[in-house]
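Chain A is the first sequence line, chain B the second, and so forth, proteins listed ahead of strands; every chain is numbered from 1.
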Amino acid sequence: MIIEPNDPFAAEKHLAVEALFKVIDPELFVNVIDLGMVYNLDFEKSDCVKVLMTLTSPHCPMGEAIKNGAKNALEIAFPDRVAIVDLTFDPPWSIDVVSEEGKRQLGVE
Amino acid sequence: MADINIGNAPPNSAILPFYATGALSFLILCLLLFFSADSLSVHYFNPQSLTIVHTAALGWGTMIIFGAAHQLLPVVCERDLFSPKIASLCWYSLTLGIVLLTTSFWYSSYNWTTIIGAILINLSAIAYLVNSIFTSRVCKKYSAVRMFVVTSSIWFLFTAFVGLLLVINLAFPFFQKNHLEILKLHAHAGLAGWFLQLVTGISSKLVPMFLLGKYTKEKFLNISCILQNLGLILFLVDGYLFGLNPNRTILYTVIVLSGIVFWMVFLQKNYKERIRKKIDVQMKHTFVSFVFLGISVLLIPVILYFTNIQWANLYGTLLFMGWITGIILGKTFKTLPFIVWNGHYKNLSGKIKVPLPKHLYNEKIVEWQFWVYIAAVVVLAIGIILKNALVIKFASLIWIAVASLYIFNVLKTLLHKTKTQ
């Protein structure tokens, strides 16, 4: 996920990304940011933070835990906001969205 | 953006009893092997072998597979499990049925207790079939994996029903055909219908998921499904109507084997195109188990054309202890820690630092388990080929070591306490 420097919520988004680094996919052992699962962060409304993210596969058995993890991490980082996690499979997750660090941790050659 | 329903995993109370009972059955199976080593060098229709085979097939194989399948049906079908209560009923009836049935086999005491045991196993098969059909019915689109799940559960019910007829025939003889011939049909409906098709279906979903395989075309799986079922149906119909003929049986074996080859091609394509390059020890168990499956199938012509009983015993042993056991030994630690982890941490994730599922068991012991398992299969095979009870007894000791390592890790996982620091 790229955060533009002129984004009015750049500071919040950086803080959110930092929080989401703590959310690990329990099967892949890599955090959701490096896995490229987080597509968008929305701070437009003052009382909530919306995150649009995906999973590695639909009906992933760990999906609920990952979704809860993202919500928990964001609500700790932003105590005055409610975190809303929306899932999408459009576009579906692929290796192309994984960061170099994520690929290294996955052992991708 | 619409919120996508990712579904809920079935409650642990509906799943974990299968794993606990399966692990206990594995230990009992290994002890039975030790105390009945002689039975593996004589004809398989004897009280000890019948007990061992049914402990392996139902108490160990089916029990663990039921646990994993109830957990994985929602993953495969992308829908919540139809009924966790029916899953619990499935466990109660299977467990009680196995106790009654295997006790009867051990004491060669065939009466109403045996029949009630077989009826309970049929009830369990019906319960599982209901869950698999009603969980899979609203799959958004046809999938070969779903088809394998449904066909395998139908074959399990068929196998259990023929088993019921067999035990009725032992208690109150009524067959006009040879009991042993029907027994062979029963055994192969279970092996090629229930175990093979379920393993084909579930592995075709899980192996790509674990390896992050990119190959998704289903044509090989569709062909595999047709060939596996065609070969088995022809074998059963022909065997029942006209008796087993070696030449025709070879033909049916080739058809089923072709189905296996198409499934392997699908897995191999996923293996080649996988994103995750590192193969963990659980996946190694699976790959080695396929080698034992291949050897077993190749033994079929030997069994058909050579009358020495050790080849039939070796065939059954490699299927149960090499193939099915190998898959379970590995896949247990690909499923159970995640199920238990979800129960402890799915609501804590992101709030505090939580352990990973792999921290719920000892990975080093799974490594050991892998090598000791291979040694156990090889030594047992040598003992059976040589018809040497002493070697078989020694192999049984190695099997007890495998069971001990496995149970240690299963208990460590099941008894995990939530860590909040």
Side-chain angles (χ1 to χ4, degrees), chain A residues 16 19-32 35 39-40 42 50-77 83-90 92-98 102-109, chain B residues 1-10 15 68 71-81 135 139-140 205-206 208-214 216 273-280 334-335 337-360:
Chain A
L20 291 170
F21 268 121
K22 293 174 194 154
V23 182
I24 309 287
D25 181 316
E27 158 61 14
L28 299 177
F29 319 136
V30 181
N31 67 75
V32 294
L35 282 173
Y39 290 167
N40 191 38
D42 180 354
K50 280 187 177 181
V51 56
L52 180 65
M53 63 185 295
T54 193
L55 300 171
T56 52
S57 62
H59 228 91
C60 164
M62 293 288 118
E64 207 182 343
I66 294 170
K67 193 179 169 183
N68 288 344
K71 183 175 168 59
N72 289 337
L74 288 172
E75 287 184 346
I76 288 171
I84 298 169
V85 181
D86 282 331
L87 291 178
T88 182
F89 293 101
D90 182 22
W93 180 85
S94 77
I95 191 66
D96 302 331
V97 297
V98 179
K103 285 178 182 165
R104 192 191 64 75
Q105 290 181 28
L106 278 175
V108 177
E109 286 166 2
Chain B
M1 177 56 59
D3 192 20
I4 291 172
N5 173 26
I6 53 171
N8 297 308
I15 305 294
Q71 177 73 15
L72 295 170
L73 275 173
V75 181
V76 170
C77 302
E78 297 177 14
R79 182 181 188 270
D80 288 356
L81 183 69
T135 305
C139 280
K140 287 175 187 156
K205 180 77 181 181
L206 290 193
M209 205 163 108
F210 292 143
L211 295 178
L212 297 177
K214 289 189 284 187
T216 54
E273 296 182 22
R274 73 192 189 279
I275 292 170
R276 221 176 175 183
K277 299 298 177 194
K278 188 169 180 263
I279 302 297
D280 58 28
K334 277 287 193 189
T335 52
F338 292 87
I339 296 167
V340 174
W341 186 93
N342 247 335
H344 287 277
Y345 299 110
K346 78 175 173 192
N347 294 321
L348 291 175
S349 173
K351 275 186 188 165
I352 54 166
K353 193 171 179 347
V354 297
L356 289 170
K358 68 174 181 173
H359 298 138
L360 271 59

Report summary line: Distance col, row Leu87(A):CG vs Met53(A):CE, nearest 0.5 angstrom, shows 6.5 Å

Report task. Apply side chain to side chain donor-acceptor pair (under 3.5 Å) to Asn68(A) and list each qualifying residue two or more places apart in sequence or on a separate chain. Result -> Asn347(B)

**Report entry** Within 6.0 Å of NZ in Lys22(A), more than 12 heavy atoms from elsewhere
**Finding:** no

**Report entry** For Lys71(A), side chain to side chain donor-acceptor pair (under 3.5 Å) partners two or more places apart
**Finding:** Glu75(A)

Query raised in the report: What part of Leu28(A) gets closer than 4.5 Å to chain B, counting heavy atoms only: side chain, backbone, both or neither?
Result: both

Query raised in the report: For chain B, which of Val98(A), Thr56(A), Ile95(A), Ile24(A) has the most heavy-atom pairs under 4.5 Å?
Result: Ile95(A)

Query raised in the report: With chain A, which of Thr335(B), Ile339(B), Leu72(B), Asn342(B) has the greatest number of heavy-atom pairs at distances under 4.5 Å?
Result: Asn342(B)

